Amino acid sequence: MSQSFDLVVIGTGDGGSGAAHRCRRAGWRVAIVDELPYGGTCALRGCDPKKVLVGAADLADWSRRMQERGARGRTEIDWAELMRFKRSFTDPVPQARLAAFQKAGIATYQGQARFVDPERMVMGDETLESRYFLIAAGARPRPLGIKGEAHLTTSTDFLELDRLPERIAFVGGGYISFEFAHVAQRAGARTTILGRGTPLRHFDQDLVQRLVRHTRELGVDTRLNATVTAIEQRGAGYLVRSEGDGRSETVEADLVVHGAGRVPHTEGLCLGEGSVATDAAGGVLVNQFLQSPSNPRVYAAGDAAAAPGSLPLTPVAAYQSVVVSSNLLNGNSRTADYRGIPTVTFTVPPLAGVGLTEAEARRQQLAFRVKSEETSGWYSNRRVNQSAAMFKTLVDNESDRILGAHLLGEHAEEVINLFALAIRQDLTATDLKHQLYSYPTSASDLPYML
Ligand SMILES: Cc1cc2nc3c(=O)[nH]c(=O)nc-3n(C[C@H](O)[C@H](O)[C@H](O)COP(=O)(O)OP(=O)(O)OC[C@H]3O[C@@H](n4cnc5c(N)ncnc54)[C@H](O)[C@@H]3O)c2cc1C
């Protein structure tokens, strides 16, 4: 059967949904397709379920830190119960999203869509013809090309574990490994991170080093010069082989989790048939209007788009979806502004950053002043006995604008938004310093960081 639309959206996550609703509100005939339950990664398999688990890890850690400081009795994590609580967030999402699309009059399809030519996609025996397509197909774990790769568990599976294994190895030194290791270790597992090269490479490395030290103090076996070469089955568990510093090492684990990066999930879309050009990683190449230069009917948003300056994060996907809908409805006129995107590793405590790292600012030969300090002795961290705490700010000498801000410690994930606001709204460091902040809060530390 063949159907005709003004816009067909691939993906029901944050990159796809906003544009689908906006275009439909403007009277367009819109269809949306997903091969998985509706809702996308963030709501079902990423940010939201993850932070429910991080909340419990935070509580367990806080309770440990407050022993002999007024608290008695340790909080322990009941994994099965925590999972049930997590599912109370994720389980209702697909039905609620489907109902919202249907109520809006958006045609909904379930299945894998692929291009057959530049104007048509098929899905099973349905053909969807459209004036425009939006590819918001998200990302998938990066293929590693190592022996025994099939034994790897994905982040999606980790977030569905009914029982927490005793020994867990995380392959890769990115945010997924650090976040999950911090949760699993607090929940009673023995964890190992096997990373190579620079860990958490989007973050300022001085703060990363402090977090790595803290992660090791928690008991997470953190190996940062370990290139994983093979995963072998050993009875009910696995042996993970790695190389580094001229040495071969092994780790035994009951579960091995992929935390080694994600790439655009475009391989099933037959983009070649649709004349949609991609970069080497499979990201859809786009111009400044998020439109494919090789097929102007096609736009891309979120993790599937290869947009220079962008980051694979939920708020960026949602923002790009708005930019795309604006360009579709009003003609190409809106470009995305990627300045000041805050990003957080939800460890306990969290690590947050926005703008340039010190290394990036030096590479650009900017003239700037740096302020950096350990802040475990500052009231907001000492009150909760948080020993891993630090900040670094970079301020342009001439304009007094914030070039970058990096925070580790209590409420870093919230305070970073104030620095992001300053960067995006062109506020100066002096503006931020002269702001009145509610007290005592972590935000009220901000003037002392500048
Ligand atoms: C474990 C984890 C934790 C994360 N934590 C955070 C966080 O704390 N903060 C943050 O900002 N970001 C986080 N992210 C990243 C964030 O989830 C993504 O950036 C965001 O969800 C991307 O949205 P999207 O719309 O581009 O893609 P998605 O939400 O992934 O949606 C894409 C959809 O397209 C569908 N699809 C793909 N190909 C086809 C096809 N051919 N046919 C039909 N359907 C198809 C997929 O099934 C999927 O549902 C996390 C990611 C993971 C994996």
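Please read these numbers as outputs of a predicted model, since none were measured by experiment. Whatever order the structure lists ligands and atoms in, that order sets their numbers, starting from 1.
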Could an N or O of ligand 1 be found under 3.5 Å from any N or O of [X], whether backbone or side chain?
| X | result |
| --- | --- |
| Thr314 | yes |
| Pro312 | yes |
| Asp34 | yes |
| Glu179 | no |
| Phe346 | no |
| Leu269 | no |

Identity of the nearest option to [atom], non-hydrogen atoms only, from [options]:
| atom | options | value |
| --- | --- | --- |
| atom 4 (C) of ligand 1 | Tyr38, Tyr109, Tyr175, Phe115 | Tyr175 |
| atom 3 (C) of ligand 1 | Gly39, Gly138, Gly46, Ala318 | Gly46 |
| atom 40 (C) of ligand 1 | Val316, Ile341, Ile10 | Ile10 |

Just by distance, do the side chain of [X] and the backbone of [Y] share a donor-acceptor pair under 3.5 Å?
| X | Y | answer |
| --- | --- | --- |
| Asn381 | Thr375 | yes |
| Ser292 | Tyr299 | no |
| Asp34 | Tyr109 | no |
| Thr154 | Asp157 | yes |
| Thr191 | Val220 | no |
| Thr229 | Arg241 | yes |

Counting each atom of ligand 1 from 1 as listed, which ones have a heavy atom of [X] under 4.0 Å away?
| X | value |
| --- | --- |
| Leu36 | 47 (O) |
| Thr41 | 17 (O), 21 (O), 28 (P), 29 (O), 30 (O), 53 (C) |
| Lys50 | 4 (C), 5 (N), 6 (C), 7 (C), 8 (O) |
| Pro315 | 11 (O) |
| Gly302 | 26 (O) |
| Gly15 | 24 (P), 25 (O) |
| Gly111 | 42 (N), 43 (C) |
| Ala317 | 23 (O) |

Check whether any heavy atom of [X] sits under 4.0 Å from an atom of ligand 1.
| X | value |
| --- | --- |
| Phe158 | no |
| Pro37 | no |
| Arg45 | yes |
| Lys51 | no |

Under 4.0 Å between a Lys/Arg side-chain N and an Asp/Glu carboxylate O for [X] and [Y]?
| X | Y | value |
| --- | --- | --- |
| Asp221 | Arg167 | no |
| Asp61 | Arg65 | yes |
| Arg45 | Glu160 | no |

Starting from [atom], which protein heavy atom do you reach first, and at what distance in Å?
| atom | answer |
| --- | --- |
| atom 26 (O) of ligand 1 | Asp303 N, 2.9 Å |
| atom 34 (O) of ligand 1 | Gly11 CA, 3.3 Å |
| atom 21 (O) of ligand 1 | Cys42 N, 3.4 Å |
| atom 6 (C) of ligand 1 | Cys47 SG, 3.4 Å |
| atom 32 (C) of ligand 1 | Ala136 O, 3.2 Å |
| atom 38 (N) of ligand 1 | Ala137 CB, 3.5 Å |
| atom 42 (N) of ligand 1 | Ala113 N, 3.0 Å |

### Task
Dump the intermediate steps for salt bridge (Lys or Arg N to Asp or Glu O under 4.0 Å) on Arg131 and Glu119, then the final yes or no.
CA-CA 7 Å; Arg131 276 203 300 142; Glu119 299 168 21; over 6 Å; no
### Arg87 and Asp162: CA distance, side-chain angles, deciding distance, salt bridge (Lys or Arg N to Asp or Glu O under 4.0 Å) verdict
CA-CA 11 Å; Arg87 289 193 180 106; Asp162 284 320; 3.1 Å; yes
### Task
Evaluate the side-chain proximity of Asp117 to Glu273: yes if any heavy-atom separation is below 4.5 Å, no if none is.
no
### Query
Under 4.5 Å between any side-chain heavy atoms of His214 and Pro349, yes or no?
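Yes, side chains in contact.
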### Query
Cationic tip of Arg424 within the cone over Tyr319's six-membered ring, i.e. under 6.0 Å and within 45° of the normal?
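Because its charged atom sits under 6.0 Å from the ring centre and within 45° of the axis, Arg424 does stack over Tyr319.
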### Message
Here's one to test your reading of the geometry: is the NZ or CZ of Arg22 within 45 degrees of the ring axis of Trp28 and under 6.0 Å from its centre?
### Response
no
### Task
Between Glu35 and ligand 1, find which residue part has any heavy-atom pair under 4.0 Å and reply side chain, backbone, both or neither.
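Answer for Glu35: both.
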### For ligand 1, the portion of Ser155 having any non-hydrogen atom under 4.0 Å away
side chain
### Query
Between Phe89 and Phe85, how do the two ring planes meet: parallel, tilted or perpendicular, split at 30° and 60°?
perpendicular
### Task
Start with the C-alpha gap between Thr343 and His202, add the side-chain angles, then the distance that decides, and say whether side chain to side chain donor-acceptor pair (under 3.5 Å) holds.
CA-CA 9 Å; Thr343 171; His202 291 299; over 6 Å; no
